[in-house]
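Taking it in order: structure first as C-alpha cells, then the write-up.
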Amino acid sequence: MKIYALAMSSVAVIALASGLAVIPAAAAKMDVTVGMQLEPPNLDPTGGAAAAIDEVVYANVFEGLTRFGPDGAVLPDLAQSWEISEDGLVYIFKLQSGVTFHDGSTFDAEDVKFSLDRARADESTNAQKALFAGIASVDVVDPMTVKVTLSKPNGSFLFNMAWGDAIMVAPETAADNATNPVGTGPFRFSEWVKGDHVDLVRNPNYWGAAVSLDKVTFKFISDPTAAFAAMMAGDLDAYPNFPAPENLTQFEADPRFQVLIGSTEGETILAMNNKKPPLDNIKVREAISHAIDRQAIIDGAMFGYGTPIGTHFAPHNPAYVDLTAQSAFDPDKSRALLADAGVKDLTLSLKLPPPSYARRGGEIIAAQLRDIGITTEITNVEWAQWLSDVFKAKNFDLTVISHTEPLDINIYARDDYYFQYADPDFKAIMAELDNSTDPARRTELLQAAQKKIADDYVNVYLFELAKAGVADAKLKGLWLNSPTQATDMTGVHWEE
Amino acid sequence: MTAYLLGRFVSLALSLVAASLVIFLVLEIVPGDPASFMMGINADPQAIAALRSQLGLDEPIHLRYLGWVAGLLHGDFGMSYTYRVPVADLIAERVVISLPLTLYALALSTIIAFPAGIIAAARRNSATDVAVMGATQIGVAIPNFWFAMLLVLVFSINLRIFSAGGFPGWEAGFLPAMKALTLPAVALALPQASILARVMRSSLLDTLHEDFMRSARAKGLTRSQALWRHALRNALIPVLTIVGLQFSFLLAGGIIIENVFYLPGLGRLVFQGITQRDLIVVRSVVIVLVFAVIAVTFLVDVAYAIADPRLRRHGR
C-alpha cells in the first residue's frame, strides 16, 4: 500500500512537471543540435591541442588560407589562389575580397601577416608551432596580396596552412578568442554554457555561399549511455563521433536514424619503447608484431569498426602501401623469433589511456602476448598521467594510442619522441620529403618512409580508427570521413 | 548558547585552514602537468614552456599556495588553466544547478520520508509498516544511477515526456529548468528518502518507549496526540543529523547522476578539472564544497540547539 502511495506521488510530480511543458510550434527546422563527447577547454584553435576545439570552430567560425575538404583534399579558402616560385620558396597568396570578421572589421593582408607572425613568434603557445617553422618572412604586397617566403622548400606548406592551428585571426580580437572567438566563418559564436553547450548562429555577412542553418548547438555528453539516451529521446540531431560502437546496430535498425561509418586520420598503434631492453632488439619487436591478431582486436574492442594497417599511414591516402602481410598474425614465428633472440620469461608493462580502443584493445593484446609467452602488467592511466609518465618520462614498455593528426608519419623523425625511434635513414627520407614539391617524388618518399618503419618494426600498427557517427535520417551534408578533427556544418541541411 | 556557537565557529575556521593545506598538497603530488595536457602529444616543447610561464606554473610552490589562499580570502579563486575564465564564474555557473538540484532532491526526500516513517512507527508491525520497511529496503539497495537510467528509459525514451538530460538554463524560465531537474532529483531522492524514512521510524519508536510518553498517555492524551506533541520533536535530532549529511552528500556527490543526465553541475566540474589537470579549478571547487559541508554541519548544530533546549542551557 505504501509502495503504491510512493509510486502515485512520483507520478503526480512527473505529471505536474510535464503538464507544464511548452510544446513548440511546428515549423521548418533550421537548427541542428550536435552531440560531442568532450567539451573544448577553450575555443581558440591557435592556443591548444584539444581536438574538441576544432570540432566546434573549424570551418564554422574560423577559416584559414586553405582548408581541408570532406575527402582530405587541400582547397582554397581565404586565399582565393596562389602562385609558387620556381624554387618553391615564395608563395604569393591572392585573398578573397569582401571578407569581414564577425566584429565587422575587414579581413586583409595585414591580418594574414599578423596571424602567421603570431603563430611562429618565440612566445607563441601554438601547439603545432612546427607547421610554421619554415616561414622566413611574411610580407604585405597590397591589401589583397600576401607574400610568404620560406627558408627552404616545403612541399607540405599548403597542407600545413589548412590545419585548424593555422586559422586567420584579427589583431584586435585574437587575445580573447579562447572565450569569445571572432573569425570570418559562416557561423558566429553566440553563447557557451560551460559544461553544457556552445551555440553558433548564422553569420549574415558571410563572404561565401550562404549556409542553410540558422543555428548550431554543440552539446557535451561524455557518458556513452547518456549519449545513447539523448539520441533516442530526440534531444540530439547528430552525434558525429559516437562513443559506444556497441549501440550502432540498434541505430541501424531504427528508421529514424542513419549511421555514418567513415575513416579518420587516427592510426592506432601498440607503441614500443625502442630504447628499452629487450625492446631495443628488433627480433623482439618483430616477435611482438607477429603475435598480434589485428582483426581480433578490431572485432573485440571496436565491434568490427576499423581498418587493419601495417604501417603508420591512413589507408584512404593515395600514397598508402598495404604492409599488413609483413607483420601477419603468426604466433609460431613469434615464438621462434623470441627463442632466436634468447629472450625467456619476458614481462612487459602495458600502460593504457582512457579511450575504449586502448582499454579494451589492451586486454586482448595482453591475451595474445601471453600466448607467445610474454607476460604484461597492465596499468590503466588517466590522460594527464599518460602524458607525464609515458609520453614525457618514457617510463613504459608498451602502450596503446591513436595518433590522430593527419599525415603524421614525420613523428618518427623526431628526436626523443616517446617511442624513441632514432634512425638517420628515416630522418633523411623526411628531410628530402620536406624539400620536394614534385607530387610523384613525394609519393615515392612517403612510401619509402612507410616501408622503413614497417621493416624496423618500430611499433605494432593495429588499425585505422573508424569514424562512427549517428544522425537523424533527414539530416544531410555531414562529413562521412574525418580528414581533420572538425564538424563542418557549412553544407549541412534538413531534407524537405 | 553563545559559547556553544563560538566553539563551533572556531572549529569551522580551523577545519577550513587544514583542508586548504591538504587539498593544495595532494594536488601538487598528483602526476600530470596542465600545460602539456593542453598542448597534446604533437606539441612543440618551446610552446609548452611558454604556456607554463603564462599560467604561472613555474613559480615556487609556497608562493603559489600563499597566492591562492590570499586570493580566496577576498573572493578571487584565480583563472582556470583550460577554460581561461575566472574560476569564481565557473563555480557560480555550476552552483545555480547543483544547489537547486540538491534542495529539490532533499525536499522530495523529506516529503516522502517523513510521512512514511511516522506512519510506519505509529502502526508498528501492521501491514503498512511491513510495506514501508520493504519498500525502503529496496530503495536503499537500488543504486541511484541505475534508477536514473530506468527513469530515462521510461520517461525519456519511451514516453518522451522528459528530455534525457541537459539543462536549458534558468534564463529559459523557472518551469522548464525545474522540469530538467525533475528526473535527476527523483533519482537522487529515492535512496535518500528510504534511508531517512527508516531513521525516522526507528528514532520515533525509541522515543515512544520513553517514560515521558507514558506520562503523556497517562494524563489523557490519545496515542496520536502524544506522538505529535511529544514524541516527534524528541525523535528529530537523529533525523536532522541525517538530513544534514544528505545535503552535503547530494551537493558534492551528485556527480554520477550529473553524468547520467549530463547536467553541468559542481561534481562534473571537479571531474573535468581532475582529468584535464585544471588543478586551480579542482582545489577551488573542493574548498568551496568543504566550506559548504562545514557550514551545513554548523547549521545542523544550531538546529539541534533549537530542537533540544538542553543544549542551549548547558553549552556543549
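The figures that follow rest on heavy atoms only: side chains count, while hydrogens, waters and symmetry mates do not. It should be emphasised that the depicted structure is a prediction, and the values quoted were computed from it without experimental measurement. Numbered from 1 within each chain, the chains take letters A, B, ... in sequence-line order.
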For A:F132, all residues meeting ring-ring contact (aromatic ring centres under 6.0 Å, His included), sequence neighbours excluded: none
ring-ring contact (aromatic ring centres under 6.0 Å, His included) with B:F167: which residues, sequence neighbours excluded? B:W170
Among A:E39, A:K392, A:M232, which has the most heavy-atom pairs under 4.5 Å with chain B? A:E39
Identify the two heavy atoms, one from A:A233 and one from B:S156, that lie closest to each other, and give their separation to 0.1 Å. CB-O, 3.7 Å
With only heavy atoms counted, which part of A:D122 is less than 4.5 Å from chain B, the side chain, the backbone, both or neither? both
Mind ranking A:D389, A:D44, A:N126, A:V381 by heavy-atom pairs under 4.5 Å with chain B and telling me who comes out on top? A:N126
Given the options A:L38, A:L387, A:I221, A:L236, which has more heavy-atom pairs under 4.5 Å with chain B than any of the others? A:I221
So which heavy atom on A:E123 is nearest to which on B:A50, and how close? O-CB, 3.9 Å
Looking at A:N42, A:D223, A:D196, which makes the most heavy-atom pairs under 4.5 Å with chain B? A:D196
More than 12 heavy atoms of other groups within 6.0 Å of B:F271 CZ: no
For A:P354, which atoms come within 4.5 Å of any heavy atom of chain B: side chain, backbone, both, or neither? neither
Pick one of side chain, backbone, both or neither for A:S124, based on which atoms fall under 4.5 Å of a heavy atom in chain B. backbone
Run the side-chain contact (heavy atoms from CB on, under 4.5 Å) test on B:I274 and A:E382 for me, step by step, so that the C-alpha distance in whole Å, both residues' side-chain angles and the decisive distance to 0.1 Å come before the verdict. CA-CA 9 Å; B:I274 291 170; A:E382 286 298 306; over 6 Å; no
For A:Q385, enumerate each residue passing the side-chain hydrogen bond (donor to acceptor under 3.5 Å, both in side chains) test, keeping only those at least two apart in sequence or located in another chain. none
So, taking the atom named NZ in A:K194 and the one named CG in B:D89, what distance separates them when rounded to the nearest 0.5 Å? 8.0 Å
Can you measure from CD (B:E93) to CH2 (A:W192) and round to the nearest 0.5 angstrom? 9.5 Å
The interface call for A:S388 against chain B, heavy-atom contacts under 4.5 Å, is side chain
Between A:D235 and B:G165, what is the shortest heavy-atom contact and its length? OD2-N, 3.7 Å
Closest non-hydrogen atom pair between A:A229 and B:I157, with its separation: CA-CD1, 3.8 Å
Positions in residues 260-268 of chain B that reach chain A, provided some heavy atom is under 4.5 Å away: B:V260, B:Y262, B:P264, B:R268
